[in-house]
Amino acid sequence: MGYDLEWADLPEPAATARSRFEACIESGDLCGHAPSCLDAYASLRGPCHLSLNIAAMGFCRDGMRRTGMVYHATPRPFPDWPFDGVEDWRSADRSRRDAYHEAERAASAQTVAGRTGIPVFKLTSNGPWLVGAQEIEEALGCYQGSSPSLRAELERDDLWVAWLDWLRQTVQHGGFTVR
């Protein structure tokens, strides 16, 4: 299992490429574009994208746990699929599909009132999850408030330093998605 993380708000032209790729996937037809929508999107998302394997994400989660950057909570369920199948989805009115996307996005952005940082469930599955800029800022604040000796220990590892740098970048781009 791996984790694909990406800035929530991509710069152009990557944002347009992502939209085109998602529309192509949603259509259900094979992509006939040249280059393919996936290839175009993948070539443009570069520094906006981070892939971690299960071990690397486990390491990052552990460091975040040790520094108080994450909290444990039970996620609320995602909305039920309101369509009778793929054909119903494809033939549905755009407003009906948009309503489902909006409900799914709200579920993917969930947090727990009164808690600080990132709910760890967003970093233990492929979601789709949205980790918002405020959650990340809170988590980074918790990190800064942790003991200097713990920060020094963690910062001896290049993966941890790269993870922190990437988190700091994502704050300026609406946070990040987990897929």
Side-chain angles (χ1 to χ4, degrees), residues 1-22 25 36-78 101 104-112 115-147 149-179:
M1 179 174 144
Y3 297 84
D4 282 323
L5 313 173
E6 185 174 275
W7 294 352
D9 300 328
L10 290 177
E12 287 299 342
T16 297
R18 176 169 61 189
S19 294
R20 185 174 176 188
F21 168 68
E22 288 171 348
I25 291 295
S36 77
C37 290
L38 175 59
D39 290 343
Y41 168 47
S43 72
L44 293 169
R45 66 184 183 177
C48 311
H49 178 261
L50 178 66
S51 288
L52 295 175
N53 65 27
I54 195 167
M57 180 55 88
F59 173 80
C60 293
R61 269 193 321 266
D62 184 60
M64 294 177 81
R65 180 193 52 77
R66 292 174 64 200
T67 57
M69 298 171 74
V70 294
Y71 60 87
H72 289 278
T74 301
R76 294 183 312 275
F78 276 73
H101 280 305
E104 184 180 56
R105 185 167 173 91
S108 72
Q110 65 183 276
T111 59
V112 177
R115 302 298 300 268
T116 301
I118 301 169
V120 75
F121 61 74
K122 290 185 177 183
L123 303 174
T124 58
S125 75
N126 299 106
W129 296 111
L130 174 62
V131 180
Q134 182 176 339
E135 293 170 89
I136 299 163
E137 287 176 330
E138 291 171 356
L140 290 170
C142 290
Y143 180 71
Q144 287 302 69
S146 65
S147 78
S149 62
L150 178 55
R151 289 195 320 265
E153 174 193 333
L154 290 168
E155 290 173 15
R156 284 194 291 267
D157 191 286
D158 291 341
L159 174 58
W160 181 255
V161 172
W163 174 245
L164 287 177
D165 288 344
W166 196 78
L167 286 176
R168 289 180 184 115
Q169 289 174 27
T170 67
V171 169
Q172 304 305 313
H173 300 281
F176 64 93
T177 59
V178 181
R179 296 182 196 270

Practice prompt. Scan for salt bridge (Lys or Arg N to Asp or Glu O under 4.0 Å) pairs involving residues 162-171, sequence neighbours excluded, and state none if there are none.
Written response: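 Counting only pairs at least two positions apart or across chains, the salt bridge (Lys or Arg N to Asp or Glu O under 4.0 Å) contacts touching residues 162-171 are D165-R168.
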
Worksheet entry | Any pair counted as salt bridge (Lys or Arg N to Asp or Glu O under 4.0 Å), so long as it reaches residues 125-138, sequence neighbours left out |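 Every pair satisfying salt bridge (Lys or Arg N to Asp or Glu O under 4.0 Å) with a residue in residues 125-138: K122-E135.
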
Fill in: Stepwise side chain to side chain contact (heavy atoms under 4.5 Å, CB included) check, L164 with M69
CA-CA 11 Å; L164 287 177; M69 298 171 74; 4.2 Å; yes

Item to complete: With sequence neighbours excluded, tell me which residues meet side-chain contact (heavy atoms from CB on, under 4.5 Å) with V120.
Response: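 For V120, the residues satisfying side-chain contact (heavy atoms from CB on, under 4.5 Å) (neighbours in sequence not counted) are R61, V70, H72, T124.
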
Worksheet item: Does a donor on one side chain sit under 3.5 Å from an acceptor on the other, for E12 and T16?
Response: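 Checked: E12/T16 side chains pair up, N/O donor to acceptor below 3.5 Å.
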
Item to complete: Could you label the plane-to-plane angle of the F176 and W163 rings as parallel, tilted or perpendicular, counting under 30° as parallel and over 60° as perpendicular?
Response: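 Rings of F176 and W163: perpendicular, over 60°.
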
Worksheet item: Between Y143 and W160, how do the two ring planes meet: parallel, tilted or perpendicular, split at 30° and 60°?
Response: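 It falls in the tilted class, 30° to 60°.
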
Item to complete: Measure across I136 and G175 and return the closest heavy-atom pair with its distance rounded to 0.1 Å.
Response: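 Looking at all heavy atoms of both residues, the shortest contact is CD1-CA, 3.6 Å.
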
Discussion item. Please find the pair of heavy atoms, one from A17 and one from L44, that lie closest to each other, and give the distance.
Written reply: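 Heavy atoms of A17 and L44 come nearest at CB-CD1, 3.8 Å.
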
Discussion item. Walk me through whether C60 and L159 qualify under side chain to side chain contact (heavy atoms under 4.5 Å, CB included).
Written reply: CA-CA 8 Å; C60 293; L159 174 58; 4.2 Å; yes

Worksheet entry | Flag side-chain contact, heavy atom, 4.5 Å: V171 against L140 |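 The answer is yes; the side chains approach within 4.5 Å.
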
Worksheet item: Do T111 and Q134 touch side chain to side chain, with heavy atoms closer than 4.5 Å?
Response: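 No - every pair of side-chain heavy atoms lies 4.5 Å or more apart.
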
Worksheet item: Any chance CZ of R105 has more than 12 other-residue heavy atoms, nucleotides or ligands included, within less than 6.0 Å?
Response: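 No, CZ of R105 has 12 or fewer neighbouring heavy atoms, counting only those of other groups under 6.0 Å.
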
Practice prompt. Inspect the surroundings of CD in E153 and state if more than 12 heavy atoms from other residues, nucleotides or ligands are less than 6.0 Å away.
Written response: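 Yes, CD of E153 has more than 12 neighbouring heavy atoms, counting only those of other groups under 6.0 Å.
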
Discussion item. Quick check against the 3.5 Å criterion: does Q144 have a side-chain atom that pairs as donor or acceptor with the backbone of G141?
Written reply: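 Checked: no pair found.
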
Worksheet entry | R76 (side chain) donor-acceptor with A107 (main chain) under 3.5 angstrom |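 Side chain of R76 to backbone of A107, a donor-acceptor pair under 3.5 Å: no, none is there.
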
